[in-house]
Amino acid sequence: MDYFPLFLDLRDQPCLLVGGGEVALRKAHLLLAAGARLTVVAPALCDALAAQRDQGALIHLPRAWQAGDIHGMRLVIAATDDAAVNAEVHARCEAAGILVNVVDDPARCRFVTPAIVDRSPLMIAISSGGNAPVLARLIRARIEAWLPHGYGTLARLAGRLRQRVQARFGGDDRARRRFWEQALDGPAAERALAGDEAGAEAELEATLASGDADALARGAVYLVGAGPGNPDLLTFRALRLMQRADVVLYDNLVSPAIVDLVRRDAERLYVGKKASNHALPQEDINKLLVRLAREGKTVLRLKGGDPFIFGRGGEEIEELAAAGIEFQVVPGITSAAGASCYAGIPLTHRDHAQSVTFVTGHRRGEEIELDWPRLTSPSETIVVYMGVAQAPRICAQLIAHGRAPDTPAAIVEKATLPDQRTLVGTLETLPGLLATSQVKPPALIIIGNVVRLAEKLGWRPS
Ligand code: SAH
């Protein structure tokens with residue numbers, strides 16, 4: 001071990017920064033964030049440091065450094081561009097036993113400042129011991145992406161409960177540990193991470209009062225939007241819940257690459273839904289969700305796109321709510337948004353479309369019935385979900401209700417996936433195009449003048 005890791009309490013402690021430039025500024029930010037009483041000695045300050053001085057956040061000694069400046073300091077950072085000054089600051093501090101760091105000069109550092117992921121009060125520090133600061137920063141970026149922002153909230157909540165937990169479980173270490181494990185990794189924690197700090201706290205308080213930590217281990221259902229298919233388009237929260245699930249229910253819109261990201265040990269249940277062949281009727285899915293959650297499982301219901309856009313997500317949680325089961329809904333990128341960006345068809349555009357309507361082409365009875373007169377404005381973009389089979393009728397109805405036959409129309413097949421395909425025609429030619437090009441599901445239809453932009457703006461990820 002090259003360095004001894006520690007976190008230093010600098011609140012109200014005198015600290016000295018030698019230098020007033022941009023490098024010094026970065027260190028000043030950190031020291032001030034930690035509550036240090038900061039003195040900056042430098043003939044001149046950069047604008048941002050001067051602003052801090054004007055606000056009274058720090059004391060400025062507007063002159064060259066003097067040996068006596070380090071007197072009484074807990075910690076000193078030298079950040080001047082004069083190597084001789086930095087070396088002297090270092091030597092004096094070492095002689096006086098004061099912690100010293102010369103920025104970017106590992107040989108003159110009694111301590112190093114790590115790259116940090118700040119979820120205060122939770123703090124992760126990463127150091128390469130001065131060998132490869134860029135590597136430490138890369139690792140930090142990965143942890144930043146992976147660690148939910150709400151962990152700070154969770155840590156604060158735990159801090160508030162700590163003494164009461166101690167009092168409740170006394171010397172029973174096992175019971176106490178069990179409580180914390182359930183509290184910090186169960187549905188209550190997920191609630192706090194989703195922003196409902198008060199709800200999570202009330203729940204933990206109630207459990208604490210009952211003394212039954214296992215009550216926290218009950219099941220929950222997460223209805224998660226998995227986006228249009230490309231795993232890069234998952235949200236952080238979706239990915240995290242996918243890694244936590246005991247059992248996952250998914251259908252054919254969720255691509256295999258995404259199902260692969262679910263926790264390896266999780267049970268996978270395909271409840272597929274194709275237009276004509278419902279593998280499991282919706283009512284059975286609803287009941288299955290309730291049953292699994294009642295068994296105490298963390299249930300992930302993965303949906304293509306966004307769960308609340310033509311996803312019947314509303315029906316599924318209605319049943320959960322009625323059964324009193326804890327649930328959360330996590331939004332996903334809906335396929336219209338994915339198709340639009342990946343095909344280069346902005347859904348609105350100052351010159352071409354002022355509004356966009358998402359409609360379903362799926363029919364309940366015999367005929368597809370939409371509010372046709374509402375869809376005929378030339379400045380309206382229409383996105384049809386589940387519409388391929390009904391496309392000829394949709395195009396004919398729009399024309400019959402007054403939309404120009406040469407209105408551009410596109411089919412985007414397997415949007416955002418490596419084998420995405422875009423076919424462009426008009427309301428008049430689209431049915432013929434469909435008949436000859438064997439479009440495979442899933443596919444969306446986009447209608448409106450914005451479709452013209454596909455030629456200019458279309459791009460394909462390599
Ligand atoms: N909740 C989903 C929609 C479910 S309805 C969402 O928000 O996207 C199913 C329809 O979505 C399909 O018939 C198809 O029209 C569309 N769809 C879903 N994924 C798609 C994709 N990757 N490419 C094109 N269309 C897609």
Side-chain angles (χ1 to χ4, degrees), residues 1-11 13 15 17-19 21-36 38 40 46 48-49 52 57-58 74-81 86 90 99-159 184-185 189-190 192-195 197 227 230-244 261 263 330 333:
M1 195 190 275
D2 293 332
Y3 288 85
F4 178 73
L6 57 82
F7 289 93
L8 207 56
D9 180 1
L10 283 181
R11 207 152 316 166
Q13 297 303 299
C15 296
L17 192 53
V18 185
E22 298 294 330
V23 179
L25 173 68
R26 287 202 296 275
K27 302 298 176 191
H29 276 319
L30 280 175
L31 288 166
L32 291 173
L38 181 62
V40 180
C46 67
L49 275 174
Q52 298 274 26
L58 53 85
R74 280 274 187 202
L75 178 149
V76 174
I77 296 179
T80 77
D81 48 12
N86 288 347
H90 172 255
L99 286 174
V100 63
N101 171 292
V102 176
V103 177
D104 289 337
D105 188 355
R108 292 202 169 83
C109 287
R110 179 55 55 192
F111 69 93
V112 290
T113 50
I116 56 173
V117 178
D118 187 358
R119 302 281 189 274
S120 285
L122 192 81
M123 179 81 81
I124 297 174
I126 306 133
S127 165
S128 66
N131 289 287
V134 174
L135 184 63
R137 261 176 262 144
L138 286 175
I139 293 170
R140 178 188 63 182
R142 291 197 182 172
I143 298 178
E144 277 284 6
W146 164 81
L147 194 70
H149 275 258
Y151 267 14
T153 308
L154 195 58
R156 252 194 328 271
L157 204 164
L184 298 177
D185 200 30
E190 284 304 332
L193 293 180
E197 192 175 350
N230 186 322
D232 279 353
L233 300 177
L234 284 168
T235 61
F236 288 147
R237 178 149 4 137
L239 188 60
R240 194 165 47 76
L241 291 170
M242 287 162 73
Q243 302 279 329
R244 290 207 35 194
L261 294 173
R263 191 167 71 94
V330 180
I333 292 182

Review point. Do Leu25 and Cys46 come within less than 4.5 Å of each other through their side chains, counting heavy atoms only?
Key: yes
Exercise for review: Can you measure from CD1 (Ile333) to CG (Leu234) and round to the nearest 0.5 angstrom?
Suggested key: 8.5 Å
Review point. Is Asp185 close to Arg244 at the side-chain level, that is, under 4.5 Å between some pair of heavy atoms?
Key: yes
Point to revise | Step-by-step side-chain contact (heavy atoms from CB on, under 4.5 Å) determination, Val76 to His90 | key: CA-CA 9 Å; Val76 174; His90 172 255; over 6 Å; no
Taking distance alone, no hydrogens or angles, what donor-acceptor pairs closer than 3.5 Å link side-chain atoms of residues 149-158 to residues at least two apart or in another chain?
none

Point to revise | Verdict with reasoning, Glu190 to Arg237, per salt bridge (Lys or Arg N to Asp or Glu O under 4.0 Å) | key: CA-CA 10 Å; Glu190 284 304 332; Arg237 178 149 4 137; 5.9 Å; no
Review point. Can you name the closest pair of heavy atoms from Val103 and Ala79 and give their distance?
Key: CG2-CB, 3.9 Å
Practice item. Taking the side chain as every heavy atom from C-beta outward, state whether Val112 and Pro106 have any atom pair closer than 4.5 Å. Key: no
**Study point:** Heavy-atom side-chain contact between Ser127 and Pro5 under 4.5 Å
**Key:** no
**Study point:** Nearest heavy atoms of Leu17 and Ala28, plus distance in Å
**Key:** CD2-CB, 3.6 Å
Point to revise | Cys15 versus Ala36, closest heavy-atom pair with distance | key: SG-CB, 3.8 Å
Exercise for review: Any salt bridge (charged side-chain N to carboxylate O under 4.0 Å, His left out) involving residues 107-123? Give me the pairs, sequence neighbours left out, ordered by first then second residue.
Suggested key: Glu94-Arg110, Asp105-Arg108, Arg119-Glu144
Exercise for review: Might you work through the side-chain contact (heavy atoms from CB on, under 4.5 Å) test for Leu75 and Gln13, ending with a clear yes or no?
Suggested key: CA-CA 9 Å; Leu75 178 149; Gln13 297 303 299; over 6 Å; no
Study note, to complete from the structure: For Thr113, the side-chain hydrogen bond (donor to acceptor under 3.5 Å, both in side chains) test, sequence neighbours excluded, returns Lys27
Review point. Is there a side-chain contact between Val102 and Asp104, using heavy atoms and a 4.5 Å cut-off?
Key: no
Study note, to complete from the structure: Value for CG (Leu8) from CG (Leu6), rounded to nearest 0.5 Å, stands at 6.0 Å
Review point. Are any non-hydrogen side-chain atoms of Arg137 and Ile126 less than 4.5 angstrom apart?
Key: no
Review point. Just by modelled atom types, is the Asp81 backbone N or O under 3.5 Å from a matching donor or acceptor in the Asn86 side chain?
Key: no
Practice item. Looking only at non-hydrogen atoms, find the nearest pair between Pro133 and Asn131 and report the distance. Key: CD-C, 3.8 Å
Check your understanding: Any side-chain heavy-atom pair from Cys109 and Val100 closer than 4.5 angstrom?
Key -> no
Check your understanding: Rounded to the nearest 0.5 Å, how far apart are CD1 of Ile116 and CG of Leu30?
Key -> 5.5 Å
Review point. Could you walk me through whether Ile77 and Val18 pass the side-chain contact (heavy atoms from CB on, under 4.5 Å) check?
Key: CA-CA 6 Å; Ile77 296 179; Val18 185; over 6 Å; no
Exercise for review: With the side chain counted from C-beta on, respond yes when Arg74 and Leu99 share a heavy-atom pair under 4.5 Å apart, and no when they do not.
Suggested key: no
Point to revise | Value rounded to 0.5 Å, distance of CH2 in Trp146 from CZ in Phe236 | key: 12.5 Å
**Study point:** Nearest heavy-atom neighbours spanning Pro114 and Ala125
**Key:** CG-CB, 3.5 Å
Point to revise | From CG (Leu138) to CD1 (Ile143), nearest 0.5 Å | key: 11.5 Å
